[in-house]
There are 2 protein chains.
Amino acid sequence: MQMSPMVTAPRPYVPTATMRTPAPEAIRLIGVTVHLSRDQEVFGEGEPADQVFKVVRGAVRCFRVLSDGRRQICDFYLPGDVFGIEPGQDRRTTAEALTDTVLVAARRSTVVEDEDSGTARRLWALAMADLQRSQDHALTLGRRSANERVASFLVDMAARLGDVDNLELPMTRQDIADYLGLTIETVSRTLTHLQVSGLIKLAGCRSIHLRKPRALAELCA
Amino acid sequence: MQMSPMVTAPRPYVPTATMRTPAPEAIRLIGVTVHLSRDQEVFGEGEPADQVFKVVRGAVRCFRVLSDGRRQICDFYLPGDVFGIEPGQDRRTTAEALTDTVLVAARRSTVVEDEDSGTARRLWALAMADLQRSQDHALTLGRRSANERVASFLVDMAARLGDVDNLELPMTRQDIADYLGLTIETVSRTLTHLQVSGLIKLAGCRSIHLRKPRALAELCA
DNA sequence: GCCACGCCTTGATATTCATCAAACACTTCA
DNA sequence: TGAAGTGTTTGATGAATATCAAGGCGTGGC
């Protein structure tokens, strides 16, 4: 069984209002801007879920932890993504900043109770995007090999970061491992293997160049 | 890598109106009643998603298939459950009856476009239930051992079938395997092992008695 | 510029689970 | 009642991945 050494956040985040700001992109999120440093907690499992967030800069991981410390990262959120929509009243995951991160925080009630169909529909779309990604994730975790998982992770990240061939990953190997249901060693070995096969080029551990994106995509099965 | 022999549905389902009927339980679903026999398809991946369904009797599996036939069951739906809510316009999964099954089918637009907040809110709740279950599923697939997966499956099924200690499973071992990301042999061995440990009693392969539900729940981690 | 720390990679070995193969049970149908 | 078929269990073996253990690289602090 694999164990993930639990990373504890250095200090809990307190939503301090910096400034009121209009949302920069697709979804309208009126709220306060929040600055977080690396590994800082956005919210914790069990807390009341009264806010949603949009990533402006940086990145966030949402995860759950088993009683013995094994961690499963549900998803990463990148600039432009909205996260923090919960099925119920309380947080079912913990969210932490991967790097120094800027978020916009808005009261959940602002959007949920709003009967203005435009907003309600966008919120629906966001929740459904989470559902879709979660189902894709389950397929990967249940039925793909380590090679396929890593390849599909890279392809997915490339698409989300704007269809680039040069990835600047905001997360550590441990984060990737906990997202893909693998160990850090397996992730590392698999990346090395992909490099030896000529599919990618590692340039420092956070920077990955996709040399054969097409072949990589085919590897995902 | 594990292979799931693809089960092809014998005949596609055509939504024949049998009778208009009020929904029997919690969620209001006005639509036609549909009768399906074992392994019959409710809808297939790629089709337009214009209906949602409620299980009246029997059970349904929703799954996705990789290019080489590996199958991942996203979820099972039991009497009282509503399924078929999709993130987008088209079906991302295939749904099939596990046994002889009765469903109520309703046009999706009936509920989605309805600005009556009661209906909209219930639909939201249903979608969020799917999200929650999908995330739980990802945790299981990513970070639990075969033992833990089977134990949590049994505990979950017991809860959903009405907190009973005597399970009458509507699915085969292959279905369970494809849900838990295991092989049929591993599922079988694990169940045998649980029986030898005194936690469960197998009585015919579809019938399982939970002798120590508490211990079983602890096994899930 | 050097040291120290954290993260990453690599190697050796262990374990879990998949695969291959065969026998066994339950069901259906004659 | 018996035979065939389907699904399940069990056994033997192998492959994929985890675990344990070092060593290397990069980065930030002094």
Side-chain angles (χ1 to χ4, degrees), chain A residues 1-8 10 37-39 68-72 98-100 140-151 168-178 180-196 200-208 219 221, chain B residues 1-5 7-8 10 37-39 68-72 98-100 140-151 168-178 180-196 200-208 221:
Chain A
M1 267 287 72
Q2 54 226 346
M3 289 285 301
S4 326
M6 196 42 231
V7 186
T8 44
S37 50
R38 184 173 184 248
D39 289 338
D68 62 357
R70 278 174 284 172
R71 181 176 74 163
Q72 178 64 47
L98 289 170
T99 62
D100 289 355
T140 295
L141 295 174
R143 287 300 181 209
R144 285 202 240 251
S145 70
N147 257 306
E148 294 166 342
R149 292 184 206 193
V150 172
E168 236 10 89
L169 296 178
M171 70 287 288
T172 66
R173 294 286 186 272
Q174 185 65 62
D175 288 322
I176 299 174
D178 286 348
L180 295 178
L182 302 168
T183 59
I184 183 173
E185 294 95 332
T186 298
V187 170
S188 181
R189 269 187 256 270
T190 304
L191 285 170
T192 302
H193 178 246
L194 288 175
Q195 176 167 237
V196 170
I200 64 173
K201 175 92 182 72
L202 300 168
C205 50
R206 297 297 184 99
S207 183
I208 302 182
L219 221 171
Chain B
M1 266 288 74
Q2 54 226 347
M3 290 285 300
S4 324
V7 186
T8 42
S37 50
R38 184 170 184 247
D39 291 336
D68 62 357
R70 279 173 282 172
R71 181 176 75 162
Q72 178 64 48
L98 289 171
T99 61
D100 289 355
T140 294
L141 295 173
R143 286 301 181 208
R144 284 200 241 251
S145 68
N147 256 305
E148 293 165 342
R149 291 184 207 193
V150 172
E168 231 17 83
L169 296 177
M171 70 287 286
T172 66
R173 295 285 186 271
Q174 185 64 62
D175 288 322
I176 299 174
D178 286 348
L180 295 178
L182 301 169
T183 59
I184 184 173
E185 294 95 331
T186 298
V187 170
S188 181
R189 270 186 255 272
T190 303
L191 286 170
T192 303
H193 177 246
L194 288 175
Q195 176 167 237
V196 170
I200 65 174
K201 175 91 182 71
L202 301 168
C205 51
R206 297 296 183 99
S207 183
I208 302 182

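As the structure is a prediction and not an experimental result, all values here were calculated from the model. Here is how names work: the chains are called A, B, and so on, in the same order as the sequence lines, proteins then strands, and each is numbered from 1.
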Which atoms form the tightest heavy-atom contact between [X] and [Y], and what is the distance?
{"X": "B:Leu141", "Y": "B:Arg149", "value": "O-NH2, 3.2 Å"}
{"X": "A:Ile200", "Y": "A:Leu191", "value": "CD1-O, 3.6 Å"}
{"X": "A:Ile176", "Y": "A:Met171", "value": "CG1-CG, 3.6 Å"}
{"X": "B:Thr190", "Y": "B:Ala146", "value": "CG2-O, 4.1 Å"}
{"X": "A:Ala151", "Y": "A:Leu219", "value": "CB-CB, 4.1 Å"}
{"X": "A:Glu148", "Y": "A:Arg144", "value": "OE1-CA, 3.3 Å"}

How long is the line joining [atom1] of [X] and [atom2] of [N], in whole Å?
{"X": "A:Asp178", "N": "C:dC7", "atom1": "CG", "atom2": "P", "answer": "13 Å"}
{"X": "A:Arg144", "N": "D:dA16", "atom1": "CZ", "atom2": "P", "answer": "18 Å"}
{"X": "A:His193", "N": "C:dT10", "atom1": "NE2", "atom2": "P", "answer": "12 Å"}
{"X": "A:Arg143", "N": "D:dA16", "atom1": "CZ", "atom2": "P", "answer": "16 Å"}
{"X": "A:Leu182", "N": "D:dA16", "atom1": "CG", "atom2": "C1'", "answer": "11 Å"}
{"X": "B:Asn147", "N": "C:dT15", "atom1": "CG", "atom2": "P", "answer": "16 Å"}
{"X": "B:Glu148", "N": "C:dT15", "atom1": "CD", "atom2": "C1'", "answer": "15 Å"}

Problem - Main-chain N/O of A:Gln72 paired with B:Arg143 side-chain donor or acceptor, under 3.5 Å - result: no

Problem - Polar side-chain atom of B:Arg173 near backbone of B:Glu185 as donor-acceptor pair, under 3.5 Å - result: no

Exercise for the section: Give the B/S/- string for nucleotides 2-12 of chain D, one per nucleotide from 5' to 3', where a protein heavy atom under 4.0 Å of the base yields B, of only the sugar-phosphate yields S, and otherwise -. Expected result: -----SSBBBB

Practice task
Classify every nucleotide of nucleotides 25-30 of chain D by which part a protein heavy atom approaches to under 4.0 Å, writing B for the base, S for the sugar-phosphate alone and - for neither, in 5'-to-3' order.
Solution key: ------

